[in-house]
Amino acid sequence: MLKGLGGLGDMAKMMKSAQELQTKMTDMQEDLHNIMVVGESGAGLVKATASAKGELKALDIDPSIFNGDDKEVVEDLILAAIKDAQSKASDRSQAEMAKLTEGMGLPADMKFPF
């Protein structure tokens with residue numbers, strides 16, 4: 001492509017690859033808002049849905065857990081479901097990033113600032 005310019009041809013190729021990576025990363029960040037994961041607790045009595053970015057989107061609570069003075073149990077189940085959803089969101093986000101980096105020939109465990 002830039003024959004006769006020595007290492008500059010490689011630099012242009014690197015810059016193009018970096019721009020492609022940036023575009024793909026931007027697209028992936030947008031996709032993470034649309035990927036949903038569901039965290040559960042209490043054998044599915046409480047379900048928390050979050051985006052792969054970790055944003056809580058929905059909470060589904062089975063009415064059967066509202067019996068008597070179980071307020072603390074219900075609160076614990078809700079927190080556990082939310083934490084499970086956040087953990088799954090983080091795992092999914094990392095998996096999507098690994099796909100992107102492997103596709104670009106980068107190490108799968110490469111860390112980015114987001």
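Hydrogens, waters and symmetry mates are skipped; everything else that's a heavy atom, side chains included, is used.
Rounding to the nearest 0.5 Å places CG of Asp27 at 11.0 Å from CD of Gln22. Atoms OG and CG, on Ser51 and Leu32 in that order, are 7.5 Å from each other to the nearest 0.5 Å. The CE atom of Met28 sits 8.5 Å away from atom CD1 of Ile35, with the distance rounded to the nearest 0.5 Å.
Evaluated for a side chain to side chain donor-acceptor pair (under 3.5 Å) with Lys53, the options His33, Gln29, Glu30 yield exactly one hit, Gln29.
Contact check for Leu56 versus Ile82: side-chain heavy atoms found under the 4.5 Å cut-off.
For Ser93 (side chain) and Ala89 (main-chain N/O), no donor-acceptor pair under 3.5 Å exists by modelled atom type. Remark: side-chain polar atoms of Ser41 are not paired, donor with acceptor, to backbone N or O of Ala80 under 3.5 angstrom.
Judged as a salt bridge (Lys or Arg N to Asp or Glu O under 4.0 Å), the pairs with a partner in residues 79-93 (not counting sequence neighbours) are, in order, Asp84-Lys88, Arg92-Glu96.
For Lys71 and Glu75, the salt-bridge test passes: some basic side-chain N is under 4.0 Å from an acidic carboxylate O.
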Side chain to side chain contact (heavy atoms under 4.5 Å, CB included) assessment of Leu100 paired with Leu21: CA-CA 8 Å; Leu100 176 67; Leu21 177 61; 4.3 Å; yes
Residues Ile65, Val46; criterion side chain to side chain contact (heavy atoms under 4.5 Å, CB included); working and verdict: CA-CA 9 Å; Ile65 67 172; Val46 177; 3.7 Å; yes
Derivation of the side chain to side chain contact (heavy atoms under 4.5 Å, CB included) call for Ile61 and Ile78: CA-CA 8 Å; Ile61 303 171; Ile78 291 169; 3.7 Å; yes
